[in-house]
Number of protein chains: 2
Amino acid sequence: MTRPPRSDAARNRAAVLAAADELFATAVEPARVSMDDVATAAGVGKGTLFRAFGSRAGLIQALWARRTEPLRHAIESGPLPLGPGTEPRRRVAAILDAILVVKLDNRHLTLALEERSGGVSLYEQAQYQLVHQLLSDLLRDAGQGDESELLAHLLLAAVRADLLDHLIGGRGSSRRKLRAGIGAVVDLVLNGSGG
Amino acid sequence: MTRPPRSDAARNRAAVLAAADELFATAVEPARVSMDDVATAAGVGKGTLFRAFGSRAGLIQALWARRTEPLRHAIESGPLPLGPGTEPRRRVAAILDAILVVKLDNRHLTLALEERSGGVSLYEQAQYQLVHQLLSDLLRDAGQGDESELLAHLLLAAVRADLLDHLIGGRGSSRRKLRAGIGAVVDLVLNGSGG
DNA sequence: TTCGGATCCGGACCGCTGGTCCGGCTGGCA
DNA sequence: TGCCAGCCGGACCAGCGGTCCGGATCCGAA
């Protein structure tokens, strides 16, 4: 039996989430947002912070989970084309585009998420593995056979945080052009490979 | 006029390169190879190491440059299909496959190279930018127009070190299957998109 | 309302990292 | 042989993620 958290614990957790969200959104270089910074900004001790989130990666993943909750919900039980019921290939394309948009809307946080910090690779994160599993299944349904897992990885590689940051940060593709360009390549891969 | 380096400096530089090469090849976790480790293994002081290579990133890039020298040479003036003279699309595919092979042959070093350490993103590294430039030009020649730059980034994203490490490390695709699978997707993108 | 102990707080502390600094040594030319 | 620019090397530094534990706080029981 896990008992509900004490009131001060809940309050502090919320304060940390708010402060961290602000810091990561504001900071120019998310890697330079230290745990001390977060603790100070939240008006909380460092111990509290680590007890609540376990590690830096844990904190960032909690922030990410909050930010992507609407998207997860839309995929699980939302309207087309994100929700179930859409033709697999179309759904894969829609999901990738939605992920792209979320990442663009949370550039710094996403960058922090995917940065290999604490020895935790992107590919070892539960969050990534869930999305990969979903895409793999859809691709299998679409008749991609035993290439579906690799294909899912490659498609997700197209929307990696640092690449997007580089493309948007450096003069060049605007948001619109980026979505169009990546979408075109995704469609190409989805529709050209046997099925 | 820059004078030739003193003999002891040259000797130390070589010792560091050899020791670091060994360490990165052996270590299970390249991120855990510290500069102290390298200095100790090379029988050299830390100051010497940093004077010779500037930074951790500098050392890794020097190692990488040595390892990829044959490949660079083959691309610049080697035989087909890597060298100049090959039909652009075929050459892009050949170059990507060659890069893939080199990365697989130097997994740990490549991982260290692409790890964002010291705030230096993969996309800011001269080494990456040169390859990207080359691929962009080839794609433009192949009639990809203004999408060639983005396309080059996406193709290179398919052979990123941590993805390869994940695919090979975890049970799954063997080397052969990986080359075939990635090659197939690359061909699809190259041959399906106008031109 | 009081009380007692489970739970949580917080900041001093730790080990480790990449990187700097400078007193002393050494290679190489005159 | 003598001289000194250039090089050596390890003590040192600031900053990081993460731990620890004495004391404050919350909350159910009496």
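Chain A is the first sequence line, chain B the second, and so forth, proteins listed ahead of strands; every chain is numbered from 1. Just so it is clear, the structure is predicted and the values come from calculations on it, not from any experiment.
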What does the list of N/O pairs under 3.5 Å between the protein and nucleotides 28-30 of chain D look like, with a distance for each?
none

- Item | With B:R72 via side chain to side chain donor-acceptor pair (under 3.5 Å) - residues at least two apart | B:T68
- Are the side chain of A:H108 and the backbone N or O of A:A27 linked by a donor-acceptor pair below 3.5 Å? yes
- Cationic N near anionic O, under 4.0 Å, A:R91 to A:D141: no
- Please report, rounded to the nearest Å, how far the P atom of D:dA11 is from the CG atom of B:D36. 11 Å
- Task: Calculate the interatomic distance between A:E29 atom CD and D:dC16 atom P; express it in whole Å.
- Result: 13 Å
- Task: State which residues pass salt bridge (charged side-chain N to carboxylate O under 4.0 Å, His left out) with A:D36; sequence neighbours excluded, sorted by chain then number.
- Result: A:K46
- Query: A:E115 CD to D:dG17 P: how many Å, rounded?
  - Reply: 11 Å
- Message: Assess whether a salt bridge exists between A:R116 and B:E29, defined as any Lys/Arg side-chain N lying under 4.0 Å from an Asp/Glu carboxylate O.
- Response: yes
- Query: Between D:dG17 atom P and A:R116 atom CZ, what is the distance in whole Å?
  - Reply: 17 Å
Which pairs would a plain distance check flag for residues 10-20 of chain A, meaning a side-chain donor or acceptor within less than 3.5 Å of a matching protein atom at least two apart in sequence or in another chain?
residue : atom : partner : partner atom : Å
A:N12   : ND2  : A:D8    : O            : 3.3
A:R13   : NH1  : A:A52   : O            : 3.3

- Exam field: side chain A:Q129 to backbone A:Y123, donor-acceptor pair closer than 3.5 Å: yes
- Rounded to the nearest 0.5 Å, what separation is found between the CG atom of B:L167 and the CD1 atom of B:I182? 6.5 Å
- Item | A:R67 and its side-chain hydrogen bond (donor to acceptor under 3.5 Å, both in side chains) partner, picked from A:D21, A:T110, A:D105 | A:D21
- Item | Test: A:K103 and A:E114 ion pair at under 4.0 Å | yes
- Item | DNA chain D-proximal residues of residues 47-64 of chain B, any heavy atom under 4.0 Å | B:G47, B:T48, B:R51
- Toward the 5' end of DNA chain C, by each residue's nearest nucleotide, B:A31 or A:V44: A:V44
- Query: Among residues 5-27 of chain B, which contact DNA chain C at a heavy-atom distance under 4.0 Å?
  - Reply: B:R6, B:S7, B:D8
- Task: Take atom NZ of A:K46 and atom P of D:dC16, then tell me their distance rounded to the nearest Å.
- Result: 8 Å
- Message: Given 3.5 Å as the limit, does a donor-acceptor pair link the side chain of B:E149 with the main chain of B:S136, or not?
- Response: no
